[in-house]
Amino acid sequence: MWIRQIILGVVGLSSGFAVAGGMFAFLIALGVVSRFAGKTHTAKYILYYEDAAAVGGILGNLFSIYGFSLPVGMVGVVSYGLFSGIFTGAWSMALTEIVDTVPIFSRRIRLKTGMPWLILSMAVGRMAGALLHAYYRF
């Protein structure tokens, strides 16, 4: 009976390593870390960016698996929401930029003016979706 538990643990751990490796490879392929360092002129701290991404992935896994709760109050919840939104927005914009979705879409619909409004509407739509998701607890 215990051999099944050991095999299950090894398979689960190996699967987690594979998924985490894929996620971090995707993060590097999008160039999010290097773009942040380039835009903020903090290239000398690139190792800290990478360490923060790795620690964030590890802690995110631990919190989602074990359901830890931290007594951080409303300030902590608001800070977490703000930084999560910044992270998600940066990911989505980096993915959009890599795939060149906005230029292709604007050429297809023959959009000559109003590009800022298009980007603003995408951001507002993402925010509305996140708020609806949080309100209805999907």
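Scope of the values below: all heavy atoms of this structure, side chains included, with no hydrogens, waters or symmetry mates.
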The reported gap from CG in Leu120 to CH2 in Trp117 (rounded to nearest 0.5 angstrom) is 6.0 Å
State yes or no: do Ile58 and Phe63 share one hydrophobic cluster built from I, L, V, M, F, W and Y residues joined by side-chain heavy-atom distances below 4.5 Å, directly or via other members? yes
d(Leu82 CG, Ile86 CD1) to nearest 0.5 Å is 4.0 Å
Are Tyr135 and Met127 in one and the same hydrophobic cluster, where Ile, Leu, Val, Met, Phe, Trp and Tyr link if side-chain heavy atoms are under 4.5 Å apart? no
Can you tell me if OH on Tyr66 sees more than 12 non-hydrogen neighbours from other groups inside 6.0 Å? no
If you take all heavy atoms of Val77 and Val72, which pair is closest and at what distance? N-CG2, 4.1 Å
Would you compute the distance between atom OG1 of Thr40 and atom OH of Tyr49 and round it to the nearest 0.5 angstrom? 3.0 Å
Nearest 0.5 angstrom please: Thr88 OG1 to Phe83 CZ, how far? 13.0 Å
Single-linkage hydrophobic cluster Leu70~Val55, side-chain heavy atoms < 4.5 angstrom: yes
Find out if a path of hydrophobic residues (ILVMFWY) with successive side-chain heavy-atom gaps under 4.5 Å connects Trp2 to Leu8. no
Leu62 reachable from Phe87 in the ILVMFWY side-chain graph, under 4.5 Å edges: no
